[in-house]
2 protein chains.
Amino acid sequence: MTTIKEVSELAGVSLATVSRVMNGSDQVTQRTKDKVKKAMETLGYRPNTMAQSLASGKSNSIGMMISELHGPFYGPLMSGAEKVIRQANKQFLVVASHGDENSEKKAIDYLLGCKCDGLILHSETLSDEELIKISESGIEIVLINRYVKGLEDKCMSIDNVKGSKISTEWLIENGHTKIACILGPQWKHDARERFWGYQHALTDARIPLDPTLLVSGDFQESGGREGVKQLLDAKKEFTAILCGNDETAFGAIEELTNRGIKVPEDISVIGFDDVQFSRMISPKLTTIRYPIYDVGLEASAEILAKVYQIKNAIPDGEKVHGIFEPQLISRESVKNIKS
Amino acid sequence: MTTIKEVSELAGVSLATVSRVMNGSDQVTQRTKDKVKKAMETLGYRPNTMAQSLASGKSNSIGMMISELHGPFYGPLMSGAEKVIRQANKQFLVVASHGDENSEKKAIDYLLGCKCDGLILHSETLSDEELIKISESGIEIVLINRYVKGLEDKCMSIDNVKGSKISTEWLIENGHTKIACILGPQWKHDARERFWGYQHALTDARIPLDPTLLVSGDFQESGGREGVKQLLDAKKEFTAILCGNDETAFGAIEELTNRGIKVPEDISVIGFDDVQFSRMISPKLTTIRYPIYDVGLEASAEILAKVYQIKNAIPDGEKVHGIFEPQLISRESVKNIKS
DNA sequence: AAATTAAATGAAAGCGCTTACTTTTAGTTT
DNA sequence: AAACTAAAAGTAAGCGCTTTCATTTAATTT
């Protein structure tokens with residue numbers, strides 16, 4: 001493997017000079033620069049990033065932790081983040097935490113061990129205190145999908161409460177009052193917040209909350225299917241189902257359809273997130289748009305600004321700048337049943 | 001930041017001993033081990049992976065290059081790979097090449113600069129020669145979706161030719177003879193291979209290839225839509241469309257439906273890949289299953305074996321072991337038109 | 001108890017780079 | 001042309017760890 005030493009020897013200069021050329025210092029004559037560059041070229045030299053990091057004390061990398069690497073939600077989130085970071089010529093490190101608390105801790109530990117200059121965290125299990133502790137340990141962080149008191153300027157998320165309030169209201173506007181709800185796991189922050197939104201909307205409309213219309217899901221297709229089964233088997237009466245997210249909604253629609261119940265003619269269904277397949281399924285899903293790709297973009301831009309003072313990291317035309325307002329996307333899965 | 005030095009001082013041992021404890025050497029008394037571990041604990045010590053790599057000459061990391069980080073195809077591929085690698089306690093580094101040749105080179109350069117111990121490459125633009133050169137430079141690689149002469153044992157892919165041959169044959173079996181084809185970009189290896197499969201099947205069935213039934217796509221939804229437009233506007237006669245992949249198929253179905261043409265009653269459509277949404281759309285897509293998650297799993301296992309001699313990296317029950325046979329998944333988008 | 005041997009620990013030399021500090025070189029000024 | 005100054009290049013000390021080799025310690029043998 002070629003090292004800086006060999007380059008310096010070929011070019012007939014010192015190590016320091018080669019290093020300067022690499023780092024674009026202006027303390028070097030053009031003539032010397034050329035010599036060094038030519039030497040690097042002919043040797044096929046490639047700096048060892050480990051050594052660079054060790055020596056300079058910065059790793060030029062941003063770490064990201066998310067639950068899963070794939071899927072219609074995490075995929076775009078990660079992809080957006082990566083795009084901006086690579087564009088800024090920094091390294092991008094992702095780890096999947098797979099959702100449980102211990103793994104999340106390990107994942108963050110790993111990222112810290114890599115001496116990332118900054119962290120983008122999508123934490124589902126860590127407590128506010130733990131997050132504050134990490135932040136206080138000196139590393140810059142950006143939190144996705146959390147709102148932690150004391151770290152307000154590091155949080156980046158849409159308003160889940162508002163989102164599901166909007167969707168519940170939409171259902172109500174369309175004449176629904178018996179609205180079932182297939183929730184996400186209640187130990188997840190966003191699931192809880194989405195439940196609150198539902199409650200708020202109900203309260204505002206003076207519709208009493210019927211606990212028997214609530215079933216817990218898992219944010220997945222299977223949860224949607226199971227939820228419908230429970231609801232139907234218990235012979236509950238309802239005209240609409242508010243789902244914790246789009247996957248759940250899809251599962252619900254599937255199960256309803258299988259049982260010969262038509263969506264939205266017999267029962268309306270509304271989702272949350274607006275992931276890729278939402279507009280592909282039949283009926284096209286009415287849902288709340290969560291601009292997840294943009295969140296990835298912005299989170300990266302934020303951390304780049306904080307850590308490296310890089311401004312304008314986001315390409316023009318893609319910037320949303322902080323306005324992650326949940327937005328209703330009305331498609332085909334909700335029927336107006338007002339007489 | 002706590003370093004090994006501080007730990008050694010607190011524990012009252014030498015640096016070397018601390019290092020030994022970290023690396024699980026059996027050359028240390030249990031008593032000393034305990035002392036050191038306690039010291040690490042109280043200091044909250046976390047080894048610097050950069051320093052470890054630099055000193056040991058191995059980075060304990062596997063790099064992966066793919067075109068995109070998200071999407072129904074790359075998502076599972078990456079996720080599968082990550083799972084196995086993290087399980088083996090190695091680091092996982094992904095970079096997106098975004099498909100063009102220059103970026104692919106840069107991406108690989110980056111990975112090499114990180115001194116990855118091994119590379120998983122999904123290269124679309126690099127020539128066989130370039131790949132061979134990389135391999136010869138000494139780093140272990142596994143190639144996904146390529147078959148390179150001279151690197152046979154490093155290639156991991158399904159048989160695209162066979163896959164589209166099977167799907168074309170399925171169409172023929174169902175009575176179709178006028179089969180249009182919306183291809184993928186022909187500079188991509190897999191797109192070319194899928195085209196060959198189509199040709200083979202036609203030849204075998206003694207159906208002449210009608211070049212006016214061929215339209216080039218982009219492996220995306222838009223390509224499917226455009227393809228159908230072209231085909232229809234040119235007033236071609238056909239009863240089925242073979243699509244380069246599922247995204248294309250979805251676009252095609254969308255456009256057909258928009259124009260009042262029913263799938264599969266009027267025209268049959270077949271896809272390739274069997275990505276997540278294929279079974280979610282309506283009609284459910286008949287397609288060729290590409291076990292992409294498994295490919296990710298196996299690719300990682302392969303590289304772990306090569307680089308670290310780790311066997312059995314794949315959890316039981318998930319192992320497919322090399323049999324990436326394309327498989328027809330018959331759903332609803334193909335109609336039997338045999339009178 | 002002395003001698004022998006094996007196990008445990010320590011000392012120190014790097015890994016490939018950056019960077020503060022020093023020296024050399026070349027350009028200005030008088 | 002001597003003296004001064006600023007720019008360019010070089011020297012060397014780390015960054016935090018691993019690892020070889022030397023040393024100490026403890027266990028075993030005679």
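Below, each value reflects all heavy atoms present in this structure, side chains not excepted, and no hydrogens, waters or symmetry copies. Protein chains get the first letters and strands the later ones, always in sequence-line order, with residue 1 at the start of each.
Residues A:R146 and A:E124 are not paired through a salt bridge, judged by the lack of any N-O separation under 4.0 Å between the basic side chain and the carboxylate. The pair B:E130-B:K105 counts as a salt bridge, with a side-chain nitrogen and a carboxylate oxygen less than 4.0 angstrom apart.
You'll find that the side chain of B:A16 is closest to D:dT19, out of C:dC17, D:dT19, D:dG16. Among C:dT18, C:dC17, D:dC17, the nucleotide with an atom closest to any side-chain atom of A:S19 is C:dT18. Taking the side chain of B:M22 as heavy atoms from C-beta on, and the options C:dG16, D:dT18, C:dG10, the nearest nucleotide is D:dT18. Taking only side-chain atoms of A:L54, from C-beta outward, the nucleotide of D:dC15, D:dA8, C:dG10 with the closest atom is D:dC15. Minimum atom distance to the side chain of A:Y45 is reached by C:dC17, of the listed C:dC17, C:dG10, D:dC17. In the set C:dC17, D:dG16, D:dT18, the nucleotide with an atom closest to the side chain of B:N23 is D:dT18. In the set D:dC17, C:dT9, C:dC17, C:dC17 carries the atom at the smallest distance from any side-chain atom of A:A55.
The phosphate of D:dA8 (OP1 or OP2) has no side-chain N or O of A:T29 nearer than 4.0 angstrom. A close approach under 4.0 Å does not occur between any side-chain nitrogen or oxygen of A:S14 and OP1 or OP2 of D:dT11. Contact between the side-chain N/O atoms of B:S56 and the OP1/OP2 oxygens of D:dT18 is not found at any separation under 4.0 Å.
Residue B:T32 is classed as a sugar-phosphate contact, given heavy-atom separations below 4.0 Å to backbone atoms only. Nucleic acid contact for B:M1: sugar-phosphate only, since backbone atoms but no base atoms lie under 4.0 Å from a heavy atom of the residue. Among the protein residues, A:V13 comes within range of the sugar-phosphate backbone only, with heavy atoms under 4.0 Å from sugar or phosphate atoms but none that close to a base.
Spacing between atom CG of A:L15 and atom P of D:dG14 amounts to 17 Å, rounded to whole angstrom units. The distance between atom CZ of A:R31 and atom C1' of D:dA7, rounded to the nearest whole Å, is 15 Å. Between the CD atom of A:Q52 and the C1' atom of C:dT19 there is a distance of 14 Å, given to the nearest Å. Taking atom CD of residue B:E6 and atom C1' of nucleotide D:dC17, one finds them 14 Å apart after rounding to whole Å. In this structure, A:I4 places its CD1 atom 13 Å from C1' of C:dC15, rounding to the nearest Å. A straight line from NZ of A:K33 to P of D:dA7 spans 15 Å, rounded to a whole angstrom. Taking atom CG of residue B:D26 and atom P of nucleotide C:dA8, one finds them 8 Å apart after rounding to whole Å. In this entry the distance linking NZ of A:K5 with C1' of D:dA12 reads 14 Å, nearest Å.
With DNA chain C read from its 5' end, the first of the two nearest nucleotides for A:P47 and B:V28 is the one closest to B:V28. Comparing B:Q27 and A:M50 by the nucleotide of DNA chain C that holds the closest heavy atom to each, the one mapping nearer the 5' end is B:Q27.
Between the side chain of B:R20 and the base of C:dG10, a donor-acceptor pair under 3.5 Å is found.
Both the sub-6.0 Å distance and the 45° axial angle are not jointly satisfied by A:R46 relative to the ring of B:Y110. Judged by the 6.0 Å distance and 45° axis criteria, B:K90 is positioned over the aromatic ring of B:Y308.
Neither side chain, A:N48 nor A:Q52, offers a donor N or O lying under 3.5 Å from an acceptor on the other.
Between A:Y293 and B:H70, the two ring planes are tilted [angle within 30° to 60°].
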